[in-house]
Amino acid sequence: MPRKRKHLSRSELLDITLSELAGLVKDLSPEARVEISLARYEDEDAHISVFLPPETEAEEVKRIELALGERCNDILVDTGLFIIGAVCD
């Protein structure tokens, strides 16, 4: 009989989700630098900061900001994980 898969812990789910978000950013901008922080200041579970190359066009910055924000919102609704995503200067 096959073994049942155990449920992921919140920590495991967070690790997988942060990896997914970093992959999303790299898919959108391979040259981007991604920093992840697990520092908690209030209710958030993590922060993901994206640093784009200086020559990135404003429209591209906006597109990445929207994609990251939308995905972070979806994650909150789907999993309850509150991840703050930001594209930094």
Side-chain angles (χ1 to χ4, degrees):
M1 177 188 252
R3 297 174 84 190
K4 287 186 177 181
R5 176 144 168 67
K6 70 172 192 151
H7 292 284
L8 295 175
S9 70
R10 189 166 181 88
S11 176
E12 291 169 324
L13 181 59
L14 182 60
D15 287 345
I16 290 167
T17 303
L18 290 171
S19 293
E20 175 204 322
L21 280 172
L24 170 68
V25 170
K26 286 299 196 172
D27 286 346
L28 295 171
S29 178
E31 301 82 24
R33 185 175 50 128
V34 177
E35 293 181 6
I36 295 172
S37 170
L38 299 176
R40 296 185 69 155
Y41 301 104
E42 292 190 19
D43 295 334
E44 68 273 25
D45 292 294
H47 300 255
I48 183 164
S49 301
V50 177
F51 299 88
L52 299 172
E55 65 274 3
T56 306
E57 298 285 332
E59 287 179 18
E60 183 67 7
V61 172
K62 186 72 167 177
R63 184 177 76 87
I64 294 168
E65 284 176 331
L66 290 173
L68 180 60
E70 183 176 302
R71 186 64 190 122
C72 286
N73 189 55
D74 290 345
I75 289 166
L76 177 61
V77 170
D78 293 343
T79 68
L81 293 173
F82 181 23
I83 301 170
I84 297 175
V87 176
C88 306
D89 292 341

Separation of [Y] [atom2] from [X] [atom1] (nearest 0.5 Å):
X     : Y     : atom1 : atom2 : answer
Thr17 : Arg71 : OG1   : CZ    : 7.5 Å
Ser11 : Ile16 : OG    : CD1   : 9.5 Å
Ser29 : Leu24 : OG    : CG    : 11.0 Å

Quick one: side chains of residues 58-68, donor-acceptor pairs under 3.5 Å with protein atoms, not counting sequence neighbours, listed by atom name and distance.
residue	atom	partner	partner atom	Å
Glu60	OE1	Arg63	NE	3.1
Glu60	OE2	Arg63	NH2	2.7

Grab the two heavy atoms, one from [X] and one from [Y], that are nearest each other, plus how far apart they are.
X     : Y     : answer
Ala46 : Leu38 : CB-CD2, 3.9 Å
His7  : Glu12 : O-OE1, 4.3 Å
Lys26 : Glu31 : NZ-C, 4.4 Å

Hydrophobic cluster identity match, Val34 and Phe51, side-chain contacts under 4.5 Å: no
Pair listing, side chain to side chain donor-acceptor pair (under 3.5 Å) test, anchored in residues 40-53, at least two apart: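 Pairs touching residues 40-53 that pass the test: Arg10-Asp45, Glu44-His47.
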Under 3.5 Å, sequence neighbours excluded: what are the donor-acceptor pairs made by side chains of residues 77-89?
residue	atom	partner	partner atom	Å
Thr79	OG1	Ile75	O	2.7
Thr79	OG1	Leu81	N	3.1

